[in-house]
Amino acid sequence: MQSAATVPPPPGEPPGGIDVTTPDLYADEARLHATFAWMRAYDPVRWMEPEGYRPFWAVTRRADVVEIERQHGRFLNAPRAILALEEVVEAVRAFTGGSPHLVRTLVHMDEPEHRVMRGLTNAWFLPANLKRLVEPKLKARARQSVDHMLALGGACDFVRDVAIWYPLRVIMDVLGVPEEDEPRMLKLTQELFGNTDAETRRNLGEAGDLIAVVLDFYQYFRALTEDRRRQPRDDLASVIANARIDGEPIGDIEAMGYYTIVATAGHDTTSSSTAGGLHALVQHPDEFRRLRDDPSLMPLAVDEAIRWVTPVRHFMRTATEDYDLRGRRIRAGDDLMLLYPSANRDEEAFEEPFRFKVDRSPNPHVGFGYGVHLCLGHLLAKMEMRALYQELFSRLDWVELDGEPAWVASSFVGGLKRLPIRYGLR
Ligand code: HEM
């Protein structure tokens with residue numbers, strides 16, 4: 001068994017070395033996947049000591065990601081849920097009076113607290129409720145979005161014109177945020193998630209950025225909570241605002257954490273998967289035609305799009321005891337970075353992982369994570385993507401690139417930020 005200090009350097013690292021913390025790496029899909037392929041082959045559980053960050057193990061194989069997530073009592077979320085620069089963590093600690101998290105949400109919690117908090121909204125995200133309360137409006141939103149796109153003529157930037165707005169509208173409908181507040185929410189969710197990208201960030205430096213964004217959210221959602229306590233409706237904000245924990249009304253901070261995770265986690269992730277799935281279909285015209293001509297493939301195609309894009313690049317876990325993983329000795333207190341995009345191209349788990357197949361089955365991707373923290377909104381996200389693709393592919397005859405696509409530079413939530421296309425109707 002090798003400890004971090006005795007791991008020998010593996011043979012011939014790829015040009016430019018390996019640093020999975022660099023946001024720019026995630027804006028270059030070819031380099032990203034070449035890096036991950038090399039890591040899976042030669043150093044699948046790799047000790048990393050990047051400048052500015054606390055060291056951690058980078059986990060790149062699907063089986064290892066699942067092995068860690070399955071043992072949620074041994075590998076915790078709370079100490080370090082997401083990769084952050086040490087200087088940012090220090091600024092946040094100074095601001096919060098000691099906590100490393102600006103907002104505490106489900107992803108920062110462990111059992112038994114996590115189960116209690118998740119239990120408040122679990123039922124809301126089950127199929128029967130989504131079908132009744134969400135699907136009719138969602139389908140209308142999908143139709144409106146495609147109408148808008150087609151009204152632009154035979155060309156558009158699919159990200160800017162369709163993909164960022166549609167999931168935002170759906171998640172705001174789910175929460176109960178009125179349409180006129182959507183531009184503010186868009187800016188906030190993008191800054192919170194993609195804030196290492198120069199095009200979308202505020203100009204305050206990273207820690208200042210985050211704090212300003214979170215304060216904006218806090219103000220907004222406090223007013224929403226008060227409103228839903230006075231006048232409950234059938235939206236998710238009413239469920240959250242009126243939730244009780246151990247018989248007591250949910251606190252402002254906890255409610256705020258909930259709104260934040262739903263608003264942010266439910267937006268950029270789904271837009272990235274929707275746009276990235278379309279990009280994959282543009283690159284694989286045979287697969288596009290198969291899907292266009294056989295809409296019954298839609299559920300499989302949506303899962304394949306999520307595997308292909310994997311917009312959530314990582315979450316972290318912290319070991320509570322020594323543990324052996326694929327020949328490496330993880331020490332109690334060590335952090336692990338679970339690299340989902342790598343796990344979803346793992347040659348040991350997927351046949352031809354670098355081929356986009358609209359009918360891939362089985363498709364054991366971990367794009368939504370695994371275990372007790374499995375994405376709360378995974379059924380909603382898939383319902384959204386299915387509705388939009390159904391609407392789109394029932395009207396499009398062909399689609400092709402109309403310029404260079406571009407990706408967000410972020411090691412947390414990423415995906416396309418530009419997808420210029422042209423298309424013809426049936
Ligand atoms: C958690 C991915 C859409 C809400 C997560 C996790 C991933 C993920 C990887 C972490 C799971 C883990 O630690 O094992 C995605 C992707 C989406 C998507 C790829 C779109 C394609 C949504 C939507 C919502 C949502 C629409 C709306 C409510 C959440 C919440 C959590 C979460 C609340 C925290 C769950 C917990 O810690 O218990 N998601 N997500 N996500 N997601 Fe999603």
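We number each residue from 1, following the sequence as shown. Counting convention: from 1, in listed order, for ligands and their atoms alike. What you see is a predicted model; the values in this text were computed from it and never measured.
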Ring centroids only, cut at 6.0 angstrom: are His114 and His373 within range, meaning strictly under it? yes
Inter- and intrachain pairs under ring-ring contact (aromatic ring centres under 6.0 Å, His included), touching residues 319-346, at least two apart: Phe75-Tyr323
Contacts satisfying side-chain hydrogen bond (donor to acceptor under 3.5 Å, both in side chains) that involve residues 275-290 (not counting sequence neighbours) are Asp286-Arg289, Glu287-Arg290, Arg290-Asp359
Please determine whether side chain to side chain contact (heavy atoms under 4.5 Å, CB included) holds for the pair Leu376 and Asn122, giving the CA-CA distance in whole Å, both sets of side-chain angles, and the decisive distance to 0.1 Å. CA-CA 7 Å; Leu376 178 65; Asn122 243 345; 3.5 Å; yes
Pairing residues for Phe158 by the ring-ring contact (aromatic ring centres under 6.0 Å, His included) criterion, not counting sequence neighbours: none
For Phe288 and Phe393, I'd like to know if the aromatic rings sit close, meaning centre-to-centre distance below 6.0 Å. yes
Per-pair distances, ligand 1 N/O vs protein N/O, less than 3.5 Å:
{"unit_1": "ligand 1", "atom_1": "13 (O)", "unit_2": "Arg317", "atom_2": "NH2", "d": "2.9"}
{"unit_1": "ligand 1", "atom_1": "14 (O)", "unit_2": "Glu69", "atom_2": "OE1", "d": "2.5"}
{"unit_1": "ligand 1", "atom_1": "14 (O)", "unit_2": "Glu69", "atom_2": "OE2", "d": "3.4"}
{"unit_1": "ligand 1", "atom_1": "14 (O)", "unit_2": "Tyr370", "atom_2": "N", "d": "3.0"}
{"unit_1": "ligand 1", "atom_1": "14 (O)", "unit_2": "Tyr370", "atom_2": "O", "d": "3.4"}
{"unit_1": "ligand 1", "atom_1": "37 (O)", "unit_2": "His373", "atom_2": "ND1", "d": "2.7"}
{"unit_1": "ligand 1", "atom_1": "38 (O)", "unit_2": "His114", "atom_2": "NE2", "d": "2.6"}
{"unit_1": "ligand 1", "atom_1": "38 (O)", "unit_2": "Arg118", "atom_2": "NH1", "d": "2.8"}
{"unit_1": "ligand 1", "atom_1": "41 (N)", "unit_2": "Ala265", "atom_2": "O", "d": "3.4"}

